[in-house]
Structure formats: structure tokens, C-alpha cells
Amino acid sequence: MRTAALLLLGLSVALPARADSNPMRPGTWEFTRSGGMAANLIGRFCITAADIADPMSPVNGFLSREEKSGCKNWKIEWHGERGQYSGSCQLGAKPAQVSGRILAAAETYSDTQNVEKDGNTAVSPILDIINGLRLGPCAN
């Protein structure tokens, strides 16, 4: 029993810890925005492995890299197929609290984002839902 415990301890030290990450597969993805009366097409994009691994990429909280560069404390944490993100951002020259939940798999993506902008009136919450579907490999 002691030998098994030592072996298990040795394996846990020898193997690197694996942090959960975005489970999307690289390829051509089509994204749509839900809300209002109908969904509208955002576009088709070639998503690379580097995009998937980059916390500043739009597939890790649906803001552009430029928008995220104006955020303080931007963070995303993945637990299996679920990701949660948040940050204090400047969107349209106004402070905003951005948070969201992503449910992603190899072929599908859904991001429910909440943006609370400070303005001249009370805080205005905006709920945005982005859905994605992998269409296949990227065209060369």
C-alpha cells in the first residue's frame, strides 16, 4: 500500500499539471449574434490554435483584442467545456463591467456576455449571445 502511494505521488510530481483551456478545434467557424427579433450573421473566420489559446482572442470572451486591451484585470478560466470571464473595460469611451459564460466544444461555441456600461443615466445592462459552429478546416 505504501509503495502504491509513493508511486502515485511520484507520478503526480513527474507529470505536468494541465490547466483546462478552450476546447474548440481550429478551423473555419461561423458566428451569429442572437437577440432582438432575429439572429444576425457576424461572419466566418479562420480560427487557429493560437487564437484558441490566446486569452485576448475573441473566442475567449467575445470582445476584439483591441477592446480587451482597454480592460483591466481581464481574466478567463476554463473548467472542461465551460469558461467564465470578466474585466473592467473602456468600451466606446465609457467604463463597463464585462462578464460572461462560454460553453464550447470541438464543433460548437456559445458565449453569453453581460455588459454593464456606466453612462449619463443608470447602469445599462446589455445581454449578448454569440453562437458559433465549426464548418470545417480553414481554406488555404
In Å, rounded to the nearest 0.5 Å, how long is the span from [atom1] of [X] to [atom2] of [Y]?
| X | Y | atom1 | atom2 | answer |
| --- | --- | --- | --- | --- |
| E67 | M56 | CD | CE | 10.5 Å |
| S110 | F31 | OG | CZ | 11.0 Å |
| L63 | C71 | CG | SG | 6.0 Å |
| T112 | Q84 | OG1 | CD | 11.0 Å |
| D20 | H79 | CG | NE2 | 7.0 Å |
| N22 | I52 | CG | CD1 | 6.0 Å |

* Stepwise side-chain contact (heavy atoms from CB on, under 4.5 Å) check, C89 with K68 -> CA-CA 7 Å; C89 305; K68 285 181 186 173; over 6 Å; no

* Test item: side-chain donor near acceptor, T48 and D51, under 3.5 Å -> yes

* If you measure only the distance, is there a donor-acceptor pair under 3.5 Å linking the side chains of Y85 and E77? -> no

* Heavy-atom pair with the smallest gap, counting every atom of P55 and I76 -> CB-CG2, 4.0 Å

* Structure fact -> L133 meets the side-chain contact (heavy atoms from CB on, under 4.5 Å) criterion, sequence neighbours left out, with T108, L135

All N/O donor-acceptor pairs, side-chain side in residues 95-103, below 3.5 Å, sequence neighbours left out:
{"residue": "Q97", "atom": "OE1", "partner": "S88", "partner atom": "OG", "Å": "3.2"}
{"residue": "Q97", "atom": "NE2", "partner": "S88", "partner atom": "OG", "Å": "3.2"}

* To do: Could you walk me through whether Y109 and V59 pass the side-chain contact (heavy atoms from CB on, under 4.5 Å) test, one step at a time?
  => CA-CA 8 Å; Y109 175 96; V59 296; 4.3 Å; yes

* Looking at T32, I130, N131, which hits side-chain contact (heavy atoms from CB on, under 4.5 Å) with I42? -> I130

* To do: May I ask you to test the W78-P23 pair for a side-chain heavy-atom distance under 4.5 Å?
  => yes

* To do: Measure the shortest side-chain to side-chain distance between R134 and R25 over non-hydrogen atoms and say whether it is less than 4.5 angstrom.
  => yes

* Asked: Charged N to carboxylate O below 4.0 Å: is that the case for R65 and D54?
  -> yes

